[in-house]
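Read the numbers this way: they start at 1 and go in the same order the structure lists the ligands and their atoms. Throughout, numbering of the chain's residues begins at 1 and tracks the sequence. Note that the structure is predicted; figures quoted are calculated from it, not measured.
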Amino acid sequence: MSDGNGLAEALLGLDGFRVLAVEETVELVVLIESVHDVVGCSSCGVRAEAHERMDVEVRDLACFGRPVRLVWRKRRWRCVEPDCEAKTWTEDCDTVSSRQVLTRRAGIEACRQVGMNARPVASLARELGVSWWTVMEAVSEHGAPLVEDPSRVGPVRQLGVDETSFLAATPEHSTVYATGLVDLEDRIVIDMVEGNSAADLRRWTARADQEWLGGIEVVATDLAESFRAGLSPHLDHARRVADPFHVVRVGNRCLDKVRRRVQNETLGHRGRKADPLYRIRKLLLSGFERLDDRGHERMLLGLRVGDPADEVLGAWLAKESVRDVYLAEGRAEAETLLDKAIAGCAADEVEEIRSLGKTLADWRAEILAHHDTGASNGPTEGLNLLVKKVKRCGHGFRNFENYRLRVLLHAGGVTWPNRRHPPRLRERSPYSNA
Ligand SMILES: [Zn+2]
């Protein structure tokens, strides 16, 4: 029976249950039973007879700083009607299910912590005293409906398509990539697709609502041929833009490649701490206008010592000429600057720089389209910035579906169920002098 005052039940807060006993060990063990003492047979309606009891243990939310184990003294009922086929059955309910290790409210909270706050599954599991799988199952059960909710993604005008690594390379396999689709205006991840090929992207656009796709005016991508191909035919109507962040990165990568090669050729080994070019690698990559006099001098000195044929200098100039395109005011100026950069690269003796020029020429229309649409001005680092936290806490995802779910829960603009917030205590009042 209960304590007669309902105090224990008020603390428990589970409708339909009463508290039989509480024991304190390293956790709080709360013995409960259902308040439904009179039950009719679900088959024939005759009043059922209590048959036997069995204890079912589940984890609930922590109480006053202590982990909680609920022990539900479950009843088994028997139908007394000899002709009834129901025979015996066990009581069950939605908030505490014998098929699950967590109560419903604990599962919802675990999902919120992992999804909304991007907390590692393992830390929740440790905190609750359950397995990793139990927490991940709760995230799937309560999170999937939020992610699949059709109202999560509204109309999108500017779509970003970006690649992210899903599994790092190991001796057994090379890096596994995923393609992310981002709403560049609302800054939410719309979806994640396994793989980064044209076919992977096209499969997604083919499945998407065609009317919704029709509303997309601009698509910003990195300079990947696979994406350009994969957007066809379903997004042929949209204006293609090369994402500025990725355009600049192509210049940075070219510079890095040349620096490494020159380093190797002049010193016969890969970059070491004391090598002149290795020491200025970060200065080379920062924007020229962001270097102070000292940085500027250090960079020039490093080049004089480590770059005898001015190859790294050439790559640095090429990189800066790419960045200049985005300093331009208006399309005409950008066009002049980009064509200068392309011509400069094409005339260079260094192969890596010529290759950069080819890439720029190949993406000329998309690069310049940025100046017409202003697309992706803000979220320059796009997807990777949004999913960084999820990836950091995931310690290498194995399962793509789990990865997708957690990225979308964290960065997909999910509407979380309302949680009532209590009033604030001890509000500082200007009139109190206590
Ligand atoms: Zn019956």
Within less than 2.8 Å, report the number of protein N/O/S atoms around the Zn ion (ligand 1).
4

Tell me if the CD atom of E85 is crowded by more than 12 foreign heavy atoms within 6.0 Å.
no

Less than 6.0 angstrom from the centroid, inside 45 degrees of the normal: does R281 satisfy that with respect to the ring of Y278?
yes

So which heavy atom on F227 is nearest to which on N196, and how close?
CE2-O, 4.0 Å

Salt bridge between R69 and D60, side-chain N to carboxylate O under 4.0 Å?
no

R119 versus S123, side-chain donor and acceptor atoms under 3.5 Å:
yes

Sort and list the pairs that fulfil salt bridge (Lys or Arg N to Asp or Glu O under 4.0 Å) and have at least one residue in residues 225-240, not counting sequence neighbours.
E225-R228, R228-D362, R228-E366, D236-R240, R239-D372

